[in-house]
Amino acid sequence: MVENRPLLTFFSHLALIIGISFIALPVWLAFVVSTQEASALFSGQVPLWPGEHFIENYSSILFEGEKNSGAPPILLMITNSLVMAICVAVGKITISIISAYAIVYFQFPFRQAIFWMIFMTLMLPVEVRILPTFEVIAQLGMLNSYAGLTIPLIASATATFLFRQFYMTIPDEMIEAARMDGAGPIRFFIDILLPLSRTNIAALFVILFIFGWNQYLWPLLVTTDASYYTVVMGIQRMMAVPDSDPIWHYVMATAILGMIPPVIVVVTMQKLFVKGLIETEK
Amino acid sequence: MQKQVRFDNKVLPYLLVAPQVLITIIFFIWPASQSVYQSFLVEDPFGLSSEFVWFANFEELFADSTYLDAFGRTLLFSFSTAFLAISMALFLAIMADRVIRGETLYKTFLIWPYAVAPALAGVLWFLMFNPTIGVIGFGLNALGYEWNHYLNGWQAMVLVIVASAWKQISYNFIFFLAGLQSIPKPLIEAAAIDGAGPAHRFKTIIFPLLSPTTFFLLVVNLVYAFFETFPVIHATTQGGPAKATEILVYKVFNDGFIGLDLGGSAAQSVILMIIVSGLTVFQFKYVEKKVTY
């Protein structure tokens with residue numbers, strides 16, 4: 001605060017509150033709709049306040065699912081999403097941290113070529129190579145499996161870069177001292193590099209967990225068996241009911257349940273999240 | 001790029017990079033090269049034989065008015081989304097940077113939409129704009145403005161733009177706030193002592209200093225709008241009504257998976273790959289520069 005301008009300060013607060021309300025409004029209304037009974041949504045009125053069917057709607061969608069669309073219980077979808085998000089995050093971090101280690105701390109033929117090959121993956125989002133990637137997964141027999149859901153997503157240029165940048169800031173004296181004491185490359189990695197990377201790993205985990213949880217096109221392609229549906233893609237099956245309106249209160253309950261876990265992660269680990277976000281973009 | 005002091009080992013480094021390299025080759029490089037190869041082929045209607053046709057698929061694509069329309073639509077969609085998300089975020093970041101009390105609380109309430117999946121963001125706004133039970137859709141109809149995004153293409157476009165921008169505000173907000181907080185305070189104070197008011201200071205000091213951030217965000221937001229908004233559209237309008245929201249990424253999916261036009265879809269994939277690599281290289285060139293100073 002450079003100077004005292006009460007009016008401007010008041011205006012700032014007001015603008016922020018309006019901004020926050022605008023951002024929160026869709027979620028509030030989704031919640032409102034998710035607590036209504038079906039008939040309330042056809043009465044020609046827009047509900048603005050939660051109804052009385054919170055427990056009824058949520059327990060029926062969690063444990064039974066919406067049967068018309070053939071969707072499994074949402075609890076199963078949430079479990080699938082959780083498995084996928086954690087496997088993708090852990091997998092990406094693991095293979096990136098070791099490949100960055102090799103690239104920074106070893107000299108070997110094709111090092112540069114491998115580095116560029118990893119870099120290239122940044123330029124190939126799933127969306128632009130859908131058909132051939134699908135064919136590869138099908139040929140490998142990985143459709144409808146957790147392996148198919150996760151393994152193709154765990155190559156990561158950003159994570160490799162992040163660890164590379166971080167290793168570059170670790171002083172050379174570290175490795176000299178370690179070698180003097182007789183530590184080999186594996187020992188050095190486990191006892192020195194890993195503990196030093198702790199915060200980076202945690203920050204990256206937050207970002208990658210959200211990345212994994214929010215995957216849409218990939219699970220849509222790889223799963224035809226409803227028992228492998230994830231929440232974020234499963235909602236599409238509930239939206240796309242031919243020739244009729246979606247069952248709004250179930251769809252919205254699913255939407256709310258599908259956003260709770262990643263939102264909790266972001267809000268509770270805010271500092272790590274912001275760190276991770278800013279660093280992965282460097 | 002690399003340490004001066006290194007370990008000597010012939011086998012270990014290869015073992016360490018092996019998982020990453022294998023996954024990259026199997027799931028990235030191989031499919032991408034297949035896309036490139038297929039974009040030069042035309043398959044007969046039964047999928048029994050294919051013929052090498054050089055650039056015929058590309059020529060056909062650029063002669064096809066539906067493709068060119070999708071291109072224009074994508075540009076409109078991407079720039080509108082980026083503009084909306086960036087301007088909202090910049091405004092909110094400036095306000096959040098000004099206030100002292102409650103800053104952390106405001107920040108928490110502004111960053112959570114980052115965690116909401118694009119597909120879910122689409123679903124939320126689809127409800128908001130619903131002509132019978134959505135606040136905005138119903139409200140507009142009640143006010144006498146006919147709103148029905150199931151039939152009106154422009155309205156469907158507005159819907160997907162708002163949903164896509166909504167999700168991206170928090171991301172931009174975080175970067176703008178970080179940018180604003182890294183501007184040295186004495187600079188602002190000196191200007192204030194010289195009699196420059198808040199608006200003048202913003203125009204002459206703050207905004208110019210934020211322009212690298214803004215530029216970076218523009219690139220990131222365009223990439224987002226080009227490629228990551230597929231779920232927003234697929235979960236809500238499905239490219240309709242009458243292709244009014246069919247952007248390029250959606251078209252690749254639709255022509256390839258639903259229409260089974262392999263050559264044409266592959267050619268579209270190749271064009272998208274060129275666009276995304278261009279944008280990525282651009283972003284990295286700029287970022288490398290930022291890191292050095």
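Sequence lines set the chain letters: A, B, ... in the order given, protein chains first and strands last, and positions in each chain run from 1. Reckoned from all heavy atoms, side chains included, excluding hydrogens, waters and symmetry mates.
- Ring pair B:Y114/A:F273 is tilted by interplanar angle, where 30° to 60° counts as tilted.
- Of all non-hydrogen atoms in B:W112 and A:A24, the two that sit nearest each other are CZ2-CA, 4.0 Å.
- No side-chain heavy atom of A:M239 sits less than 4.5 Å from a side-chain heavy atom of B:H234.
- In this structure, CZ on B:F109 lies 12.5 Å from CG on A:L16, to the nearest 0.5 angstrom.
- The side-chain heavy atoms of A:R111 and B:V17, taken from C-beta on, include no pair separated by under 4.5 Å.
- In this structure, chain B has a heavy atom under 4.5 Å from the side chain of A:V251, while its backbone stays farther away.
- Contacts between B:Q238 and chain A at a heavy-atom distance below 4.5 Å involve the side chain alone, from C-beta outward.
- Residue contact with chain A, scored on non-hydrogen atoms closer than 4.5 Å, involves the side chain of B:A178 exclusively.
- For chain A, the nearby parts of B:P231 are the backbone and the side chain; heavy atoms of each come within less than 4.5 Å.
- Put simply, CG on A:N214 and CG on B:L120 are 7.0 Å apart, with the number rounded to the nearest 0.5 Å.
- In this pair, B:Y14 and A:F108 present their aromatic rings perpendicular. The plane angle is above 60°, beyond the 30 to 60° band.
- Proximity to chain B is limited to the side chain of A:F188, based on heavy atoms less than 4.5 angstrom apart.
- Of the atoms belonging to A:V232, heavy atoms from both backbone and side chain fall under 4.5 Å from chain B.
- In this structure the side chain of B:F253 reaches within 4.5 angstrom of the side chain of A:L221, judged on heavy atoms.
- In this structure, chain A has a heavy atom under 4.5 Å from the side chain of B:S265, while its backbone stays farther away.
- Options B:F230, B:Y106, B:F227 differ in how many heavy-atom pairs under 4.5 Å they form with chain A, and the most are formed by B:Y106.
- Using a 4.5 Å cut-off on side-chain heavy atoms (C-beta onward), B:I26 and A:L140 make contact.
- With a 4.5 Å cut-off on non-hydrogen atoms, A:F211 does not touch chain B at all.
- Considering CE of B:M95 and CD1 of A:I18, their distance stands at 10.5 Å, rounded to 0.5 Å.
- Proximity to chain B (any heavy atom under 4.5 Å) is restricted, for A:M142, to the side chain, taken from C-beta onward.
- Contact of the A:M117 side chain with the B:I25 side chain is registered, since non-hydrogen atoms from C-beta on lie closer than 4.5 Å.
- Within the model, atoms CD1 of A:I186 and CG of B:L16 stand 7.5 Å from one another, a figure rounded to the nearest 0.5 Å.
- With rounding to the nearest 0.5 angstrom, the CG atom of B:L22 is 11.0 Å from the CD1 atom of A:I151.
- Of the two parts of A:T254, neither the backbone nor the side chain holds a non-hydrogen atom closer than 4.5 Å to a non-hydrogen atom of chain B.
- If you measure heavy-atom distances from B:L12 to chain A, the contacts under 4.5 Å come from the side chain alone.
- In this structure, the side chains of B:P118 and A:Y216 stay at 4.5 Å or more apart for every pair of heavy atoms.
- For a residue to count as touching a neighbouring chain, one of its non-hydrogen atoms must lie under 4.5 Å from one of that chain's; by this rule B:Y150 touches chain A with the side chain only.
- At a 4.5 Å heavy-atom cutoff, the contact between A:I23 and chain B is made by backbone and side-chain atoms alike.
- In this structure, no portion of A:I260 lies under 4.5 Å from any heavy atom of chain B.
- In this structure, CZ on B:F27 lies 9.0 Å from OG1 on A:T133, to the nearest 0.5 angstrom.
- Neither the backbone nor the side chain of A:A178 comes within contact range of chain B; no heavy atom of the residue lies under 4.5 Å from a heavy atom of that chain.
- Ring geometry for A:W248 against B:F126 counts as tilted: the plane angle lies between 30° and 60°, on a 0 to 90° scale.
- Using a 4.5 Å heavy-atom threshold, the side chains of A:M252 and B:V123 count as touching.
- For B:W30, the CH2 atom sits in a loose shell: 12 or fewer heavy atoms of surrounding residues, nucleotides or ligands are nearer than 6.0 Å.
- Contacts between A:L29 and chain B at a heavy-atom distance below 4.5 Å involve backbone atoms as well as side-chain atoms.
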